[in-house]
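These values consider heavy atoms only, across backbone and side chains, with no hydrogens, waters or symmetry-generated copies. Everything quoted here is computed from the prediction, not taken from an experiment. So you know, we letter chains A, B, ... as the sequences are listed, proteins then strands, and number each from 1.
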Amino acid sequence: MSDLDFIATNRFGLGARAGELGQAAGDPKGWLAQQVKGTRSSPAAISALPNSAAVFRVYEESRQQQQESKRAVAADPEEVKKKFMAVRKAVAPIYLDQVAARYETAVKSTESFRERLVHFWSNHFAVSADKPQVAALAATLENEAVRPHLASSFGDMLLAVESHPAMILYLDNQASIGSDSIAAKRFERRAAANGRKVGINENLAREILELHTLGVNGGYTQADVTAFARVLTGWSIGSDRGPMAAGEVGKFLFRENAHEPGAQTVLGKRYSEAGEEQARTVLRDLAKHPATATHIATKLARHFIADDPPPDAVTRLAKVFRDSSGQLTEVHQALIELDPAWRPEFIKYKTPHEFVVSTLRSVDLVPAKPQQVFASFQLLGQRPFTPGSPAGWPDTAAQWDGPDALLKRIEWASQFGERVGAKVKPLEVAAASLGQSLSDRTRTAISRAASAAQGVALLLASPEFMRR
Amino acid sequence: MSFPLIRSRASRRDVLQMLALGAAASALPRFAVADADTDARFVLVILRGALDGLAAVPAYGDAGYAAQRGQLAIASLDHRLDGMFALNPAFDNLHARYQAKELLVLHAVASPYRERSHFDGQDLLENGTANPLGKRDGWLNRVLPALPYRTRRSEQVAVALAQNVPLVLRGDERVGSWAPSQLPAADSDTLDRLADLYSTDPVLSNRLQSALSANEMAGGGGMNGGSRDPLGQLDAIAAAAGRLLAPADGSRIAVIELNGWDTHANQGADNGQLFNRLQALDRGLETLRTSLGPAWSRTAIMVVTEFGRTVAVNGTRGTDHGTATCSLLLGGAVAGGRVVADWPGLSKPALYQGRDLQPTTDLRSVFKGVLTAHLHAKETDLNQRVFPESGSAKALGGLIRA
């Protein structure tokens with residue numbers, strides 16, 4: 001059973017740092033509320049990273065070089081594979097720096113509820129670094145489109161995300177071309193000659209409807225997906241190469257000549273706007289749609305209350321979402337006010353991400369090398385920014401509490417104990433991280449541990465540290 | 001309380017046996033004698049992301065194939081199966097299995113799902129209903145009590161080759177799980193103390209026991225997993241699956257999942273992105289065959305995906321979400337060397353909603369055919385508990401050698 005200070009710092013926050021339980025104890029709701037109000041400047045570690053356009057240029061330049069030498073080595077598959085790996089290598093250090101900056105920020109943050117919300121929204125609008133073009137862009141979406149909009153409206157965040165280069169590339173929209181567009185007509189003859197055709201790609205339209213806004217049962221049809229995909233044609237990225245040279249390299253570019261001309265009907269409403277504004281109008285309408293309010297409310301309630309969220313809580317959050325036109329500060333504030341979010345049972349099983357972050361916060365440790373930060377998440381099955389699908393990482397215990405996953409956590413906790421055992425007192429870490437929520441059984445087990453290292457391992461693998 | 005039996009140099013097998021001694025269920029013998037009823041092995045391979053069935057198994061003999069597929073039509077047809085179908089050129093090993101009559105190819109198959117969301121499609125494929133939220137557990141878990149494993153605990157029978165158990169195997173019956181680890185094994189004394197600490201927490205306690213049991217059987221440490229590409233791990237996973245399934249007292253049912261089949265852009269045809277993945281799949285299945293040893297003759301492996309992809313190429317040299325696709329059934333127990341398809345054709349009017357391969361065989365019929373003939377499940381159990389409201393999908397006969 002858990003106390004209010006534990007819930008504020010662990011269920012809402014990312015795990016208590018030393019001294020934090022005391023700060024939250026007097027007025028836990030107030031302690032959380034001040035974290036979600038207003039804007040913040042970007043954390044120092046994150047400001048130091050290259051932006052999405054710079055990352056895109058690194059990738060494109062490396063790819064260009066490899067393509068030139070690829071032609072030289074003919075079609076030897078091993079050589080081609082090596083070239084491909086070389087492109088990955090060009091962006092890998094950027095990716096690792098981004099991971100290190102993300103987790104340094106998470107470990108050091110004194111506003112970890114706010115930080116958890118950044119992770120939540122970033123995962124809601126998931127892009128996966130498994131895709132080579134997106135490998136080092138995934139983090140920039142979180143930092144450029146999510147983080148600055150935490151106190152904006154949902155609609156503003158949605159527009160920022162869908163026009164971000166990472167999302168456009170991840171869901172292939174840069175090459176989705178309206179069949180009656182100027183570009184299609186121009187390429188038609190050439191394309192026909194080599195058996196190609198130009199046309200739309202439904203990917204972005206479908207995932208916006210299914211995952212980002214209405215939800216899968218939100219009342220749209222295949223015809224809505226196709227029409228919305230036509231609306232989105234032209235949402236692309238600037239480039240300085242070949243026939244696509246236009247705009248600023250690596251920045252959002254609306255390509256009028258790829259856009260399907262004319263009005264489209266989405267969810268029964270006719271959109272006759274010209275150009276880029278057509279998709280913006282659809283997105284603004286989707287952001288205000290009641291199905292979107294329910295979809296978002298359900299996901300938030302699942303994250304903060306229970307895998308099967310209570311319907312009353314979902315209804316309440318959805319109402320606040322609708323009444324405030326999706327003002328995120330009000331929605332986040334409403335979460336704090338929900339009684340079921342303060343139930344004393346340990347109701348959520350930590351994901352590997354949450355497990356590692358709360359561990360690092362408990363001993364205030366940020367590994368010195370980016371590779372070391374990355375390794376823990378990789379070993380436990382949640383490599384940062386690689387959910388592998390646009391649905392993002394799952395948020396229910398069933399997907400994380402497998403037997404082998406538990407054994408890996410124990411193995412990791414043992415390793416971690418070996419590493420920090422000489423420097424910390426396990427019972428003190430337990431008290432500072434879990435407070436009154438530390439069970440007698442776990443306290444006894446830690447106090448009887450054969451070594452400090454083992455004590456740390458037992459704390460981290462204890463039932464109350466595995467959950468929030 | 002602490003277990004006196006184990007000290008720090010004990011092996012995992014000792015820990016495992018110690019834990020088993022502590023559990024009430026251990027009154028059952030650990031080494032059950034294999035008999036014909038319980039000797040069959042079943043492996044379900046789930047390809048997540050929607051495999052393009054017309055790339056994996058091109059219908060080259062259909063007049064609409066080359067026309068509709070355009071640049072994605074497979075041109076190298078060395079692996080012809082008959083006058084209509086061929087295997088993708090990546091499937092060298094699978095083609096050899098076909099010639100040995102150990103591979104059965106199913107085409108134009110689909111689950112009852114008719115929308116195009118990956119996530120709902122996968123949920124429905126795995127929960128065994130006609131609705132993504134129809135059940136919270138998986139059909140391969142619900143079938144376990146209906147199988148003739150009288151002397152064995154469920155976690156000895158079924159194992160997920162993944163850190164976490166996929167939906168198809170989740171449910172009331174305990175199952176094992178195993179994935180390659182790059183971490184050194186935890187000290188057995190620590191495991192001993194945790195087993196004690198978890199004794200009032202049934203969830204963690206069960207998970208730990210299952211994990212140690214699977215780890216022991218799979219061969220534990222020494223595996224180098226954690227490769228960046230999930231298919232890169234397939235060899236390690238397939239080899240471990242074989243080791244788990246082969247022994248007389250080993251597992252009988254395993255689930256493997258592989259991501260990365262969502263080829264919206266630059267899919268490739270005779271080579272390229274999808275070819276490379278199919279080749280890795282072909283090699284992984286061959287590793288599994290080798291690792292099974294003599295048990296291969298009693299094995300059926302089924303390869304499935306949530307749905308297929310559009311027949312036509314999209315604007316980015318890939319394919320969008322579709323409906324029907326192919327499925328593979330292979331193993332020494334399979335009555336192979338045939339293609340089973342009620343082929344709907346690829347002409348424009350024959351397509352589902354004018355864009356997808358029309359489904360003509362319900363995947364549940366195939367599942368039922370395998371579960372009854374191979375694992376000796378009763379069709380009444382399948383129709384009621386395992387695949388509720390699936391009466392229209394009758395078990396497909398003749399899939400397994402008599």
Side-chain angles (χ1 to χ4, degrees), chain A residues 75 77 88 130 171-172 175-177 179 184 194-203 206 210-211 216 222 225 349 375 378-381 383 388-391 397-408 410-415 417 441-442 445 448-450 454 457-458 461-463 466, chain B residues 2 48-49 70-71 115-120 132 155 160 162-165 167 170 176-179 181-187 189-191 193-194 196-198 200-201 203-204 206-212 214-215 226 228 230 259-260 262 264-265 271 313-318 320-321 353:
Chain A
R88 283 214 156 177
D130 285 325
L171 295 176
D172 310 311
S176 182
I177 295 170
S179 54
N194 59 19
R196 284 186 179 184
K197 64 167 195 169
V198 291
I200 58 166
N201 177 317
E202 298 174 356
N203 215 1
R206 179 183 302 284
E210 174 183 335
L211 301 172
V216 68
Q222 176 63 42
V225 173
Y349 192 80
Q378 151 97 342
L379 291 164
L380 295 178
R383 192 152 39 89
S389 96
Q399 276 106 334
W400 295 114
D401 75 348
D404 194 69
L406 174 63
L407 189 57
K408 296 244 181 346
I410 293 170
E411 290 170 348
W412 183 87
S414 298
Q415 284 276 88
R441 287 182 67 83
T442 301
R448 289 183 186 166
Q454 191 182 51
L458 294 174
S462 69
M466 289 277 184
Chain B
S2 160
R48 298 191 189 281
Q71 58 186 310
E115 305 295 322
R116 295 188 181 87
S117 154
H118 288 301
F119 319 107
D120 276 2
E155 75 265 31
Q163 280 196 27
N164 294 291
V165 179
L167 174 61
R170 269 185 246 146
S177 72
W178 182 88
S181 178
Q182 296 173 312
L183 286 160
D187 168 77
D189 179 51
T190 303
L191 292 173
R193 289 167 193 249
L194 282 171
D196 182 29
L197 184 56
Y198 292 168
T200 54
D201 188 317
V203 172
L204 293 178
N206 289 345
R207 298 288 190 275
L208 181 58
Q209 278 194 49
S210 300
L212 292 172
N215 200 50
R228 309 200 71 190
N259 294 319
D262 194 17
H264 280 284
N271 53 52
V313 185
N314 69 10
T316 50
R317 296 183 295 285
D320 289 323
H321 302 181
Q353 295 184 349

Leading residue by heavy atom contact count with chain B [cutoff under 4.5 Å; candidates A:G388, A:A397, A:G417, A:A391]: A:A391
Residue pair B:S117 / A:E210, side-chain donor-acceptor N/O under 3.5 Å: yes
Chain B contact via A:A450 - which portion, at a heavy-atom distance below 4.5 Å: both
Residue, of B:D262, B:L204, B:V313, that accumulates the most heavy atom pairs under 4.5 Å with chain A: B:L204
A:N201 versus B:T316, side-chain donor and acceptor atoms under 3.5 Å: yes
Toward chain B, the part of A:E202 with a non-hydrogen atom under 4.5 Å: both
Per-residue contact mode, A:Q399 against chain B (heavy atom under 4.5 angstrom): both
Proximal component of A:I200, with respect to chain B [non-hydrogen, under 4.5 Å]: backbone
Interface moiety of A:T442 toward chain B, non-hydrogen atoms closer than 4.5 Å: both
Option in A:V216, A:D172, A:D401 with maximal non-hydrogen atom pairs under 4.5 Å from chain B: A:D401
Parallel, tilted or perpendicular, as decided by the 30° and 60° cut-offs, for the rings of B:H264 and B:H321: tilted
Where B:Y198 and A:A461 come nearest, the two heavy atoms and their spacing: OH-O, 2.5 Å
Segment of A:R441 engaging chain B (4.5 angstrom heavy-atom cut-off): both
Short N-O contact, A:R383 and A:D130, less than 4.0 angstrom: yes
Under 4.5 Å from any heavy atom of chain B - which part of A:S462: both
B:Q71 versus B:R317, side-chain donor and acceptor atoms under 3.5 Å: no
B:N206 atom CG, over 12 foreign heavy atoms within 6.0 Å: yes
Closest contact, heavy atoms only, B:V165 versus B:R170: O-NE, 2.9 Å
Chain B contact via A:L211 - which portion, at a heavy-atom distance below 4.5 Å: side chain
Contact check, side chains of A:L406 and A:M466, non-hydrogen atoms, under 4.5 Å: yes
Chain B interface, residue from A:G381, A:S176, A:A445, A:A413 that has the most non-hydrogen pairs under 4.5 Å: A:G381
Chain A contact via B:A160 - side chain, backbone, both or neither, heavy atoms under 4.5 Å: neither
Heavy-atom pair count under 4.5 Å with chain B, highest-scoring of A:A175, A:P463, A:S179: A:P463
